[in-house]
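Encoded as structure tokens, the structure appears first; notes follow it.
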Number of protein chains: 2
Amino acid sequence: MNDSIDGNSIIVPEVVVQRLPHYLNILSILQVEKTKIVSSEQLGYLAQITPAQIRKDLSYFGKFGKQGKGYSVNILVKRLREILGVNLQWEVCLIGVGRLGRALLSYPGFAPEGFNIIAAFDSDLKQIGQQIGKIKIKNIVEIEEFLQSSSIQIAIVAVPASVTKDILNQLYHSGIKAVLNYAPFTPLDHKDMIIRNIDPVASLQSLTYHLKENN
Amino acid sequence: MNDSIDGNSIIVPEVVVQRLPHYLNILSILQVEKTKIVSSEQLGYLAQITPAQIRKDLSYFGKFGKQGKGYSVNILVKRLREILGVNLQWEVCLIGVGRLGRALLSYPGFAPEGFNIIAAFDSDLKQIGQQIGKIKIKNIVEIEEFLQSSSIQIAIVAVPASVTKDILNQLYHSGIKAVLNYAPFTPLDHKDMIIRNIDPVASLQSLTYHLKENN
DNA sequence: ACGTGTGAACATGTTCACAGCA
DNA sequence: TGCTGTGAACATGTTCACACGT
């Protein structure tokens, strides 16, 4: 119906892709706990997702389960890691080395998952040339040249909102294919460049909507 | 059909609520630029949302537009701020004062939007008692008592994954109604407590799925 | 007997297309 | 005329329910 082995014939809904890291996360914990087999029922309970949805989601990528038994945790972890590309190492560049950018540079959660920040850029002359850990901050004007002689496909953007649009344009023209954007944004869609936004203030604002409602 | 003035009779889809901060963001910029009137067409272009969707989204809350003209930027900003509750001040507590927690404590983006971190908790004895800016870090075991004698409804959680579940339980029993969770999570649903997750690694992993696909 | 994998039923969310008002 | 507001059409996503393999 679908297939994971030959070139994907069926389009996997984006929502499904975004749930996979969550499944993988829980499965990795089960793996550490030496759990061998898990049913969609149990996994659903842990992930707070209906068992039917889990089975449906996984079915986009193949048949991983054993009828009457459940899923092998090891096999499912292995396959999900392959599917997500998490088994690979990814080089990432960081744009913007302000307060937030620096926190991201020293965030210890990226490297163990295969995301390695190998270059950082800023437009502030006071920052440029500084050394942070192994990385020397480069001038943003050099980015296009730098990216064209590298294989970096992912950028983490932590610049002020006012320049985000220009930066995203620049990244697009430099061949960046995926962006994790921390700026409160105006993401004019670029085909072939995927953007994920992280905006804590927007998240808080959608929370207060509900708080306000029931008082 | 719906109404915003009397007690809400129609349930607003969650996706709609989550788009409102984005609209507000763009409208605020227009306001600074002294734009008086905006059509759903223009707003849609800026927000990368179809005009029909914008009109539909707004229609859940009332009729803000003028036929043949468009929307008054000022009025729409004012109303959206009221709808989201962003016109109010919100007291927030922070759980976990590690690397990430400290970055959040000094993040300058919360206060201007009415989100004020007024207390911080940790379980690490080396942290407890320390002063960061105006805040003295308290022992996590005091949190239930503290929250019961306060009106804080929102918590920002920045603790290790392994203790997230316990913390969320504790917050729930202390009457917290909304959580911004930075931990890679296992959010066993608590009714009457809304959780928004921020997980940069999960976001990156759903990005690599697409990068891996076309190579 | 048990739990997966999946078409079909259902629910939710988006877009269309146009009536109605300034 | 121009653009909103909205029912109806359409598209996407979720759940049901059961056939099938072990």
Side-chain angles (χ1 to χ4, degrees), chain A residues 1-5 9-20 22-23 27 30 35-77 79-80 83 189 206 209, chain B residues 1-5 8-20 22-23 27 30 35-77 79-80 83 189 206:
Chain A
M1 194 60 14
N2 72 93
D3 204 16
S4 45
I5 288 158
S9 42
I10 273 214
I11 298 134
V12 179
E14 187 54 33
V15 273
V16 173
V17 174
Q18 300 202 28
R19 277 194 292 268
L20 298 185
H22 183 202
Y23 298 158
L27 287 163
L30 290 176
T35 305
K36 291 300 175 206
I37 300 284
V38 70
S39 67
S40 60
E41 181 81 30
Q42 300 168 296
L43 188 50
Y45 173 75
L46 295 170
Q48 295 289 292
I49 303 273
T50 65
Q53 177 136 75
I54 289 183
R55 295 201 301 277
K56 186 70 139 189
D57 284 358
L58 294 177
S59 78
Y60 283 102
F61 304 97
K63 305 183 179 189
F64 308 131
K66 292 253 182 281
Q67 278 129 324
K69 303 278 271 175
Y71 300 87
S72 152
V73 173
N74 286 333
I75 291 174
L76 202 46
V77 165
R79 294 294 288 114
L80 283 178
I83 290 161
D189 257 5
S206 74
Y209 170 81
Chain B
M1 194 58 18
N2 73 93
D3 205 18
S4 45
I5 287 159
N8 315 36
S9 41
I10 272 214
I11 298 133
V12 179
E14 188 54 34
V15 273
V16 173
V17 174
Q18 300 202 29
R19 276 194 292 266
L20 297 185
H22 184 202
Y23 298 158
L27 286 162
L30 291 176
T35 305
K36 291 300 177 207
I37 301 282
V38 71
S39 68
S40 61
E41 181 82 30
Q42 299 168 295
L43 188 50
Y45 173 74
L46 295 170
Q48 295 291 290
I49 303 272
T50 63
Q53 178 137 73
I54 289 184
R55 296 200 300 276
K56 185 71 140 189
D57 284 357
L58 294 178
S59 77
Y60 283 102
F61 303 97
K63 305 183 179 188
F64 307 131
K66 293 250 181 284
Q67 278 127 326
K69 304 275 273 175
Y71 300 87
S72 153
V73 173
N74 285 334
I75 290 174
L76 201 47
V77 164
R79 293 295 289 113
L80 283 179
I83 289 162
D189 258 5
S206 73

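Order of the sequence lines fixes the chain letters, A, B, ..., with proteins taken first and strands second; residue numbering starts at 1 for each chain. When reading the values below, keep in mind they use all heavy atoms of this one structure, side chains included, and skip hydrogens, waters and symmetry mates.
As rounded to whole Å, 12 Å separates atom P of D:dC20 from atom NZ of A:Lys63. Atom NZ of A:Lys66 and atom P of C:dG5 are 9 Å apart (whole Å). Following rounding to the nearest Å, A:Phe64 (CZ) and C:dT6 (P) show an atom-to-atom distance of 11 Å. As rounded to whole Å, 11 Å separates atom P of C:dT12 from atom OH of B:Tyr60.
Counting heavy atoms from C-beta on, the side chains of A:Tyr23 and A:Ile49 come closer than 4.5 Å. A:Tyr71 places none of its side-chain heavy atoms less than 4.5 Å from the side chain of A:Leu27. Contact annotation: the side chain of A:Leu80 never approaches that of A:Phe64 to less than 4.5 Å [non-hydrogen atoms, C-beta and beyond].
Taking CD of B:Gln42 as the reference point, atom CD1 of B:Ile37 lies at 9.5 Å (rounded to 0.5 Å). Distance check, rounded to the nearest 0.5 Å: CG of A:Asp57 to NE2 of A:His22 gives 11.5 Å.
The side chain of A:Pro13 lies closest to D:dG13 when the candidates are D:dG13, C:dG5, C:dC21. Taking every side-chain heavy atom of B:Val15 into account, C:dT14 is the closest of C:dT14, D:dT6, D:dG13.
Taking for each of A:Gly68 and A:Gly65 the nucleotide of DNA chain C with the nearest heavy atom, the 5'-most of the two is the partner of A:Gly68. Projected onto DNA chain D by closest heavy-atom contact, A:Lys69 and A:Arg19 fall at different nucleotides, the more 5' of which corresponds to A:Arg19.
With hydrogens and angles ignored, the 3.5 Å screen pairs no side-chain donor or acceptor of A:Gln18 with any backbone N or O of A:Val15.
The number of heavy atoms from other shown groups lying within 6.0 Å of CD (A:Glu41) does not exceed 12.
OP1 or OP2 of D:dG5 has at least one side-chain nitrogen or oxygen of B:Tyr71 nearer than 4.0 Å. The phosphate of C:dG3 (OP1 or OP2) has no side-chain N or O of A:Ser40 nearer than 4.0 angstrom.
Scanning atom types as modelled, no donor and acceptor separated by under 3.5 angstrom connect the side chain of A:Gln67 and the base of C:dC2.
A heavy atom closer than 4.0 Å to some atom of DNA chain C occurs in A:Arg55, A:Lys56, these being the qualifying members of residues 41-58 of chain A.
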